[in-house]
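Owing to the predicted nature of the structure, the values given are computational and were not obtained by experimental measurement. The basis for the numbers below is simple: all heavy atoms, side chains too, and nothing from hydrogens, waters or symmetry mates.
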2 protein chains.
Amino acid sequence: MKELKLNPLPSACCTLDISGKEQDKLVKMFKALGNPLRFEIMKFLVTHPGCITSDIVDYLPIAQATVSQHLRVLREAGWIEGTVDGPATSYCLHEDNITWFRNQIKVIF
Amino acid sequence: MKELKLNPLPSACCTLDISGKEQDKLVKMFKALGNPLRFEIMKFLVTHPGCITSDIVDYLPIAQATVSQHLRVLREAGWIEGTVDGPATSYCLHEDNITWFRNQIKVIF
DNA sequence: CAATTATATCGTATATTTACGATAAAGGAG
DNA sequence: CTCCTTTATCGTAAATATACGATATAATTG
């Protein structure tokens, strides 16, 4: 059997080898982090793990309702986890999903 | 001189150690890739480097004007490069910026 | 129970994004 | 020069994102 010689692609600087639900999840994570205030919230959570919403409200120059909305976006994208703690909600980075993200990036970039 | 013993933070699953213009650039890249069609364009460019706009228009289910708009967003975020080639424009991944992105991710995640 | 604290959600206004058709601009072919 | 191809940009409509104040909910305090 003769081997077909396929035109080899010039080796690209990344593979972006991902599809389906995993791609959807990754794109959603990109989108959530593609907002300056949400990125700041993530940075704040690195240095203030377990802090509550009002800590973030005090830190950022936006209204409580807006912070709550951004927290929801980050949570639904999988970046953070909220734990109800009495009347407050305590937020942390979602370590499993962040590890998943790191590994995906390693594979596709 | 006595060393102040600071409360060590529980080691986080990422550092997000970035700020200023670099953070702005990274957030912009996240935002650009946080759109399903733009992610598809990036994937297409991995396997079709140097293709022209009309190739992408044929590939995607959206109008030529919309593709051109998405290409502009990707270009302004630094993901791709366009080269005018006769009446057409040939697009490639922007290798330097992608390398920059990969290194930033390595540092902060 | 009443008051306080903390937060999510609702309703809504404004801004941005996304999409399209139409058109302009620029190069190549006849 | 005229026609064709290719693409970017303009104008604009529709959808989505972002922001806020007001309000609802739920736990704690006095």
Side-chain angles (χ1 to χ4, degrees), chain A residues 23-45 48-94, chain B residues 23-45 48-94:
Chain A
Q23 177 176 325
D24 293 344
K25 173 170 178 174
L26 191 67
V27 169
K28 193 170 178 182
M29 291 185 84
F30 274 128
K31 183 172 183 175
L33 221 51
N35 171 284
L37 288 170
R38 286 195 291 267
F39 196 90
E40 287 297 339
I41 291 174
M42 288 291 290
K43 281 175 68 173
F44 188 77
L45 284 178
H48 302 78
C51 73
I52 65 178
T53 309
S54 64
D55 296 328
I56 303 172
V57 173
D58 293 342
Y59 177 63
L60 295 178
I62 53 178
Q64 179 269 323
T66 308
V67 170
S68 194
Q69 213 169 269
H70 282 307
L71 286 170
R72 185 220 280 256
V73 172
L74 287 171
R75 183 164 38 75
E76 288 180 349
W79 285 112
I80 66 176
E81 260 179 318
T83 309
V84 173
D85 175 25
T89 305
S90 158
Y91 284 97
C92 277
L93 299 180
H94 194 309
Chain B
Q23 177 176 327
D24 293 345
K25 173 170 177 173
L26 191 67
V27 169
K28 194 170 178 182
M29 291 185 85
F30 274 129
K31 181 171 184 176
L33 222 50
N35 170 284
L37 288 170
R38 285 196 291 265
F39 196 91
E40 287 298 338
I41 291 175
M42 288 291 290
K43 282 174 68 173
F44 188 78
L45 285 178
H48 303 76
C51 72
I52 64 177
T53 308
S54 66
D55 296 329
I56 302 173
V57 173
D58 293 342
Y59 177 64
L60 295 179
I62 54 178
Q64 179 267 324
T66 309
V67 170
S68 194
Q69 212 168 267
H70 282 308
L71 287 170
R72 184 220 281 258
V73 173
L74 287 172
R75 183 164 37 76
E76 288 180 347
W79 285 112
I80 66 176
E81 260 178 317
T83 309
V84 174
D85 176 23
T89 306
S90 159
Y91 283 98
C92 277
L93 299 180
H94 194 310

Participant: Under 4.0 Å from OP1 or OP2 of dA8(D): is there any side-chain N or O of Tyr91(B) that close?
Facilitator: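 Tyr91(B) to dA8(D) OP1/OP2: side-chain N or O found under 4.0 Å.
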Participant: What are the residues of residues 75-84 of chain B, sorted by number, that bring a heavy atom to within less than 4.0 Å of DNA chain C?
Facilitator: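 Within this stretch, nothing sits under 4.0 Å of the strand.
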Participant: Tell me the interatomic distance from Ile52(B), atom CD1, to dG28(C), atom C1', rounded to whole angstroms.
Facilitator: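 Checked: the CD1 to C1' distance equals 13 Å.
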Participant: Any side-chain N or O of Arg72(B) under 4.0 Å from OP1/OP2 of dA8(D)?
Facilitator: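 For Arg72(B), the contact criterion (side-chain N or O under 4.0 Å from OP1 or OP2 of dA8(D)) is not met.
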Participant: Between dT16(C) atom C1' and Leu37(A) atom CG, what is the distance in whole Å?
Facilitator: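 Whole-Å distance recorded here is 15 Å.
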Participant: Is there a side chain to side chain contact (heavy atoms under 4.5 Å, CB included) between Phe39(B) and Leu26(A)? Walk through the geometry before answering.
Facilitator: CA-CA 10 Å; Phe39(B) 196 91; Leu26(A) 191 67; 4.3 Å; yes
Participant: Evaluate the side-chain proximity of Ile80(B) to Met42(B): yes if any heavy-atom separation is below 4.5 Å, no if none is.
Facilitator: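 Yes, their side chains come closer than 4.5 Å.
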Participant: Which nucleotide in the set dT7(D), dT7(C), dT28(D) lies at the smallest distance from any side-chain heavy atom of Ala88(B)?
Facilitator: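 It is dT7(D).
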Participant: Expressed in angstrom and rounded to an integer, what is the separation of Asp58(A) atom CG from dT7(C) atom P?
Facilitator: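 Computing the Asp58(A):CG to dT7(C):P distance gives 9 Å.
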Participant: Roughly how far, to the nearest 0.5 Å, is the CG atom of Leu37(B) from the CD1 atom of Ile56(B)?
Facilitator: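 Ile56(B) atom CD1 to Leu37(B) atom CG measures 11.5 Å (nearest 0.5 Å).
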Participant: Please state how far atom CG in Asp85(B) lies from atom P in dT7(D), giving the value in whole angstrom units.
Facilitator: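 In whole Å, dT7(D) P lies 9 Å from Asp85(B) CG.
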Participant: So does Thr53(A) get a side-chain nitrogen or oxygen closer than 4.0 Å to the phosphate oxygens (OP1/OP2) of dA6(C)?
Facilitator: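 Thr53(A) to dA6(C) OP1/OP2: no side-chain N or O under 4.0 Å.
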Participant: Can you confirm whether Leu74(A) sits close enough to His94(A) that some side-chain heavy atom of one is under 4.5 Å from a side-chain heavy atom of the other?
Facilitator: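 Result no, sub-4.5 Å side-chain heavy-atom pair not found.
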Participant: Check whether any side-chain nitrogen or oxygen of Arg38(A) sits under 4.0 Å from OP1 or OP2 of dA17(D), and answer yes or no.
Facilitator: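 Looking at the OP1 and OP2 atoms of dA17(D), neither is under 4.0 Å from any side-chain N or O of Arg38(A).
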Participant: Would you jot down, in residue-number order, the residues of residues 62-71 of chain A having a non-hydrogen atom under 4.0 Å from DNA chain C?
Facilitator: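 Hits under 4.0 Å, by residue number: Gln64(A), Ala65(A), Ser68(A).
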Participant: Do Arg72(B) and Arg75(B) have side chains that get closer than 4.5 Å, going by heavy atoms?
Facilitator: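 Yes, side chains in contact.
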Participant: Given atom CD1 of Ile56(A) and atom P of dA8(C), what is their separation to the nearest angstrom?
Facilitator: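 Answer to the nearest Å: 9 Å.
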Participant: Rounded to the nearest 0.5 Å, what's the gap from CD1 on Ile41(B) to CG on Asn35(B)? Could you check?
Facilitator: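 CG of Asn35(B) is found 8.0 Å from CD1 of Ile41(B).
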Participant: Evaluate the side-chain proximity of Leu60(B) to Phe44(B): yes if any heavy-atom separation is below 4.5 Å, no if none is.
Facilitator: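 Result no, sub-4.5 Å side-chain heavy-atom pair not found.
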Participant: Phosphate oxygens OP1/OP2 of dT5(C): is one of them under 4.0 Å from a side-chain N or O of Ser54(A)?
Facilitator: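 Answer is no, no contact under 4.0 Å.
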Participant: Between Asn35(B) and dT18(C), is there a contact of a side-chain N or O with OP1 or OP2 at under 4.0 Å?
Facilitator: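 Affirmative; the distance criterion is met.
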Participant: Less than 4.5 Å apart, any side-chain heavy atom of His48(B) and any of Asp55(B)?
Facilitator: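 Of all side-chain heavy-atom pairs linking Asp55(B) with His48(B), none is under 4.5 Å.
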Participant: Are Leu45(A) and Cys51(A) close enough that some pair of their side-chain heavy atoms sits under 4.5 Å apart?
Facilitator: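 Heavy-atom side-chain distance check passes, below 4.5 Å.
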Participant: Taking only the side-chain nitrogens and oxygens of Lys31(B), find out if one of them lies under 4.0 Å from OP1 or OP2 of dT17(C).
Facilitator: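 Answer yes for this pair, as a side-chain N or O of Lys31(B) is under 4.0 Å from OP1 or OP2.
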